[in-house]
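Note: hydrogens, waters and symmetry copies are ignored here, and every other heavy atom, side chains too, is used. Owing to the predicted nature of the structure, the values given are computational and were not obtained by experimental measurement.
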Amino acid sequence: MNLSSVRIITADIQRLVPFYEKVTGMTWTWYTPDFAELRTGQATLAIGTTNTLAPFGGSKVAVAANNHSAIIEFRVADVDKCYEALAGFLAETLVQAPTTMPWGNRSLLFRDPDGNLVNFFAPVTADAKQRLDTSH
């Protein structure tokens with residue numbers, strides 16, 4: 001089994017997708033006005049409006065802009081360079097400037113417009129690099 005994607009449910013997809021395009025520097029694919037995806041080599045981040053919940057049972061299934069437990073993580077080549085490039089843009093949503101975590105990752109933590117936590121990280125210690133090596 002492989003993790004394929006994570007989907008964020010939002011009430012304002014026209015605000016959220018451009019935010020992620022700005023912070024990732026990547027273009028999203030829009031499938032409908034209610035659904036867009038960012039495909040990476042490892043997984044997909046999808047964003048759907050609350051309208052996409054109808055086939056699953058509607059608003060009882062998920063609530064937009066109400067995440068209090070998950071962190072959306074992107075592995076980047078250089079956390080500090082990302083921060084330098086985005087510092088002004090992220091100023092009001094910054095949670096933690098680049099910091100080396102006890103488990104060996106350098107981390108930049110901020111919130112998206114819906115309040116979801118987003119982490120840009122890079123392994124910086126030998127143990128973290130080995131743990132995250134996907135070549136084997």
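Tracing side-chain contacts under 4.5 Å through hydrophobic residues (I, L, V, M, F, W, Y), one never reaches Tyr31 starting from Leu45; they form parts of separate clusters. At a threshold of 4.5 Å between side-chain heavy atoms, the hydrophobic network of Ile, Leu, Val, Met, Phe, Trp and Tyr places Met26 and Val6 in one connected group. Tyr83 and Phe74 fall within the same hydrophobic cluster, where Ile, Leu, Val, Met, Phe, Trp and Tyr residues are linked whenever their side-chain heavy atoms come under 4.5 Å apart, directly or through other members. Linking Ile, Leu, Val, Met, Phe, Trp and Tyr whenever their side-chain heavy atoms come within less than 4.5 Å puts Val17 and Leu90 in one cluster. Cluster membership check: Phe89 shares its hydrophobic cluster with Leu108, using side-chain heavy-atom separations under 4.5 Å among Ile, Leu, Val, Met, Phe, Trp and Tyr.
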* Tell me, with the steps shown, if Asn119 and Met101 meet side chain to side chain contact (heavy atoms under 4.5 Å, CB included). => CA-CA 12 Å; Asn119 182 35; Met101 307 308 288; over 6 Å; no
* Steps toward side chain to side chain contact (heavy atoms under 4.5 Å, CB included) verdict (Asp112, Leu16) -> CA-CA 7 Å; Asp112 74 14; Leu16 208 54; 3.7 Å; yes
* To do: Please assess Asp78 against Arg106 for the test salt bridge (charged side-chain N to carboxylate O under 4.0 Å, His left out), listing each intermediate value before the final yes or no.
  => CA-CA 9 Å; Asp78 188 320; Arg106 187 108 172 115; over 6 Å; no
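Atom CD1 of residue Ile71 and atom CG of residue Leu109 lie 5.5 Å apart, to the nearest 0.5 angstrom. One finds the CZ atom of Arg131 at 5.5 Å from the CG atom of Asn105 (value rounded to the nearest 0.5 Å). Distance check, rounded to the nearest 0.5 Å: CD1 of Ile8 to CD1 of Ile72 gives 3.5 Å.
Side-chain N or O atoms of Asn2 include none that pairs as donor or acceptor with a backbone N or O of Ser4 at under 3.5 Å. A donor-acceptor pair under 3.5 Å is absent between the side-chain atoms of Arg7 and the main chain of Glu37, judged by distance alone. Counting only distance, with no hydrogens or angles, the side chain of Glu21 and the backbone of Trp28 share a donor-acceptor pair below 3.5 Å. Thr99 places a side-chain N or O within 3.5 Å of a backbone atom of Ala97 that can act as its donor or acceptor partner.
Annotation for Leu53 and Ala62: closest pair CD1-O, 3.4 Å, computed over non-hydrogen atoms. Contact detail for Ala128 and Gly104: the closest heavy-atom pair is CB-O, 3.4 Å. Residue Ala43 comes nearest to Leu3 through the heavy atom pair CB-O, 4.4 Å, listed as atom of the first residue, atom of the second, then distance. Contact record, Gln14 with Pro33: NE2-O, 4.5 Å, taken as the closest heavy-atom pair. Across all non-hydrogen atoms, the minimal contact from Phe121 to Leu132 is CE1-CD1, 3.7 Å. Of all non-hydrogen atoms in Gln96 and Ser107, the two that sit nearest each other are NE2-O, 4.2 Å.
Residues Val118 and Val95 have side chains not in contact (no heavy-atom distance under 4.5 Å, counting atoms from C-beta outward). In this structure, Phe19 and Asp12 have side chains that are not in contact, with every pair of non-hydrogen atoms separated by 4.5 Å or more. Taking the side chain as every heavy atom from C-beta outward, Tyr20 and Ile47 approach each other to under 4.5 Å. In this structure the side chain of Arg15 reaches within 4.5 angstrom of the side chain of Asp114, judged on heavy atoms.
With Phe110 as the fixed residue, the side chain to side chain contact (heavy atoms under 4.5 Å, CB included) test singles out one of Leu86, Leu117, Val23: Val23.
Applying the side chain to side chain donor-acceptor pair (under 3.5 Å) test to every pair with at least one member in residues 46-67, sequence neighbours left out, gives these pairs: Asp34-Thr49, Asp34-Asn51, Asn66-His68, Asn67-Asn116.
In this view, Glu84 satisfies the salt bridge (Lys or Arg N to Asp or Glu O under 4.0 Å) rule with no residue, not counting sequence neighbours.
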